[in-house]
Amino acid sequence: MAIFKIVYWLAIIAEMVIRAPISKLQRKEAKSEQRVSTQEKTLLGLLFLTMFFIPLAYSTTKWLDFANYSLPVWAGWLGVVLMVCALLVFWRAHADLGLNWSPSLEIRKEHKLITNGIFEYIRHPMYASQWIWVIAQPLLLQNWIAGLANLLLFIVFYFVRVRAEEKMMLDTFRDEYREYMKRTGTVVPRRFKLGHHDVNR
Ligand code: SAH
């Protein structure tokens, strides 16, 4: 159904609107560390392809139609609900991380370790949001290539990135980050029980 494609593109626009102001400001920030590998640059480029250009080709041409599949309508609506969740988490993560955000692995001169807001529960809310996104994508774009390529690529990117990012954070913030790791989950909260929480503060 056309509505599901439209929701996908609205979500793309929403992410651009949420990120644009932070992206613009953070470029001007002085950096004390940059760890950008060719491997990561390649993965980021490919991710952009599978998140943007392949869906664009799928939505505007017939080139990929041979790989279409069709899901029941409820699956599409599940995709819509998931997409809204992905956007909420994405927005919260940007609101809490502010100028400490960067597209690749960087530490700015004024870098602050954020442990509040959504970061109180999980260390990687933006990647959590992206997990939800790549699960929603094949429900909204019902095509083996436009729907699934992003998911497959993100699985690889996620593990490479989190490993390198946590190493950089540990090198920079040392025990502060080590303690922070103990009380948080990566993309799923470590504890859902409220009682526990205060005892460990
Ligand atoms: N992994 C986080 C942030 C992604 S942006 C998330 O999924 O939400 C990547 C940059 O965020 C890294 O270059 C690092 O400098 C910064 N970063 C990651 N966790 C942080 C934290 N808890 N506090 C401050 N900066 C953080």
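Whatever order the structure lists them in is the order used to number ligands and atoms, beginning at 1.
Scanning all protein heavy atoms for the shortest distance to atom 2 (C) of ligand 1 gives Glu165 OE2, 3.5 Å. Summary of contacts: the protein heavy atom closest to atom 4 (C) of ligand 1 is Tyr127 OH, 3.5 Å. Scanning all protein heavy atoms for the shortest distance to atom 17 (N) of ligand 1 gives Met169 CE, 3.9 Å. Distance from atom 15 (O) of ligand 1 to its nearest protein heavy atom, with residue and atom name: Glu106 O, 2.6 Å. Remark: minimum distance from atom 11 (O) of ligand 1 to any protein heavy atom is reached at Asn100 O, 3.6 Å.
Residue-level proximity to ligand 1 for Leu97 is carried by the side chain, the only part with a heavy atom below 4.0 angstrom. When non-hydrogen atoms are compared, ligand 1 lies under 4.0 Å from neither the backbone nor the side chain of Pro103. Of all the heavy atoms of Lys112, the ones lying under 4.0 Å from any atom of ligand 1 belong exclusively to the backbone.
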*asked:* One pair to check against ring pair (Phe, Tyr, Trp, His ring centres under 6.0 Å): Phe52 and Trp9. What are the steps and the verdict?
replied: CA-CA 9 Å; Phe52 190 84; Trp9 289 105; 5.5 Å; yes
*List the steps, then state whether ring pair (Phe, Tyr, Trp, His ring centres under 6.0 Å) holds for Tyr8 with Trp133.*
CA-CA 10 Å; Tyr8 186 82; Trp133 179 291; 5.4 Å; yes
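At a threshold of 4.5 Å between non-hydrogen side-chain atoms, the residues Lys5 and Tyr58 count as touching. For the pair Arg161/His124, no side-chain contact is recorded, criterion being any heavy-atom separation below 4.5 Å from C-beta on. In this structure, Ser102 and Gln34 have side chains that are not in contact, with every pair of non-hydrogen atoms separated by 4.5 Å or more. Phe4 is listed as a side-chain neighbour of Val80, based on a closest heavy-atom distance under 4.5 Å. Between Met126 and His94 the shortest side-chain heavy-atom distance falls below 4.5 Å.
Counting the atoms of ligand 1 from 1 in the order shown, those under 4.0 Å from a heavy atom of Trp101 are 5 (S). Ligand-side atoms of ligand 1 in range of Ser104: 13 (O), range being under 4.0 angstrom from any heavy atom. Counting atoms of ligand 1 from 1 in the listed order, those under 4.0 Å from a heavy atom of Phe119 are 8 (O), 22 (N).
The existence of a salt bridge linking Arg123 and Glu166 is confirmed by a sub-4.0 Å separation between a basic side-chain nitrogen and an acidic carboxylate oxygen.
For ligand 1, one of its N or O atoms has an N or O atom of Ile114 under 3.5 Å away. Close N/O approach between Ser102 and ligand 1 is found [any backbone or side-chain N/O within under 3.5 Å]. Between His124 and ligand 1, at least one N/O pair is under 3.5 Å apart. The shortest N or O to N or O distance between His111 and ligand 1 is under 3.5 Å. At least one N or O atom of Met126, backbone or side chain, sits closer than 3.5 Å to an N or O atom of ligand 1.
Residue contact check for ligand 1: Ser129 places no non-hydrogen atom closer than 4.0 Å to it.
A donor atom on one side chain and an acceptor atom on the other are not found under 3.5 Å apart for Glu29 and His111.
Under the ring pair (Phe, Tyr, Trp, His ring centres under 6.0 Å) criterion, Trp63 pairs with no residue, sequence neighbours left out. Considering only residues two or more places apart in sequence or on other chains, Glu176 meets the side-chain contact (heavy atoms from CB on, under 4.5 Å) condition with Leu113, Phe173.
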